[in-house]
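Just so it is clear, the values below take in all heavy atoms, side chains as well, and ignore hydrogens, waters and symmetry mates.
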Amino acid sequence: MIIDGEGHILGRLASVISKKLLEGEEIVVINADKIIITGSKEWAYAKYKQRIDRASISNPRDLGPKYPRKPDDIFRRTVRGMLPYKKSKGRSAFKGLKAYIGIPKEFNGVESVTIPQAESRNIKKGIELGKISKLLGAKF
């Protein structure tokens with residue numbers, strides 16, 4: 001199943017995908033950089049910046065915990081948080097998820113699906129994952 005992430009809300013999309021992954025489906029998410037985080041730009045930046053700073057505070061030699069900066073990795077980490085990742089069922093389900101920034105060549109022209117439960121309707125405050133990633137210093 002190929003899902004176009006453009007205009008979808010991060011948490012809602014991740015919850016729907018995690019349920020499908022646990023059922024055994026293989027899922028590809030394209031345009032992960034255009035997934036929307038609801039809330040103000042300042043709040044979203046502070047949340048992800050605090051996570052990245054936590055890695056250097058807890059272990060100054062940069063051994064972990066590691067938090068992603070790129071939008072596709074942030075999305076994958078969000079889905080991973082909704083799976084029982086420490087069990088074999090969750091790990092095998094997580095391996096069925098692929099996320100891409102933009103549309104790769106192999107998925108160009110292939111029909112993609114949108115998730116109606118996760119589409120953003122009348123959201124007043126929100127920022128795209130790609131913009132948050134740029135603020136965090138990601139190069140993609």
task = Spell out, yes or no, whether I36 and I132 are grouped together once hydrophobic residues are joined by side-chain heavy atoms under 4.5 Å, including indirect joins.
result = no
Residue among I17, V28, N31, V16 satisfying side-chain contact (heavy atoms from CB on, under 4.5 Å) with I3 = I17
task = Start with the C-alpha gap between Y48 and I37, add the side-chain angles, then the distance that decides, and say whether side chain to side chain contact (heavy atoms under 4.5 Å, CB included) holds.
result = CA-CA 11 Å; Y48 286 100; I37 300 174; 3.6 Å; yes
message = Distance check, rounded to the nearest 0.5 Å: E23 atom CD versus S18 atom OG?
response = 10.0 Å
ask   = Does the side chain of T114 come within less than 4.5 Å of H8's, by heavy atoms?
value = yes
inquiry  = Minimum heavy-atom separation for A14 and M82, please, with both atom names.
reply    = C-SD, 3.6 Å
request  = Would you check if I35 and L13 make a side-chain contact, meaning some heavy-atom pair closer than 4.5 Å?
outcome  = yes
ask   = Below 4.5 Å, heavy atoms only, C-beta onward: do Q117 and R12 meet side chain to side chain?
value = no
ask   = What heavy-atom pair brings L83 and G90 nearest, and what distance separates the two atoms?
value = CD1-O, 4.1 Å
query = In terms of hydrophobic clustering (I, L, V, M, F, W, Y; side-chain heavy atoms under 4.5 Å; direct or indirect links), are I123 and I115 co-clustered?
reply = no
ask   = Does the side chain of I27 come within less than 4.5 Å of K20's, by heavy atoms?
value = yes
query = When the ring planes of Y100 and F107 are compared, do they come out parallel, tilted or perpendicular, using 30° and 60° as the limits?
reply = tilted
ask   = Could you give the distance from OH (Y85) to CZ (R80), rounded to the nearest 0.5 Å?
value = 5.0 Å
message = Does any part of the side chain of S133, heavy atoms only, come nearer than 4.5 Å to the side chain of I74, both counted from C-beta?
response = yes
message = Rounded to the nearest 0.5 Å, what separates atom CG in D72 from atom CD1 in I30?
response = 13.0 Å
query = Does R69 reach the side chain of I52, with side-chain heavy atoms less than 4.5 Å apart?
reply = yes
ask   = Can you tell me how far CD1 of I2 sits from CD1 of I103, rounded to the nearest 0.5 angstrom?
value = 10.5 Å
message = Can you confirm whether L22 sits close enough to P84 that some side-chain heavy atom of one is under 4.5 Å from a side-chain heavy atom of the other?
response = yes
task = Answer yes when K49 and D53 have at least one side-chain N-carboxylate O distance shorter than 4.0 Å, and no when they do not.
result = yes
query = Quick one: do W43 and L10 end up in the same hydrophobic cluster if we chain Ile, Leu, Val, Met, Phe, Trp and Tyr together by side-chain heavy atoms under 4.5 Å apart?
reply = yes
query = When rounded to the nearest 0.5 angstrom, what distance separates NZ in K70 from CG in D33?
reply = 11.0 Å
request  = With rounding to the nearest 0.5 Å, note down the distance linking CG in L136 to OH in Y45.
outcome  = 6.0 Å
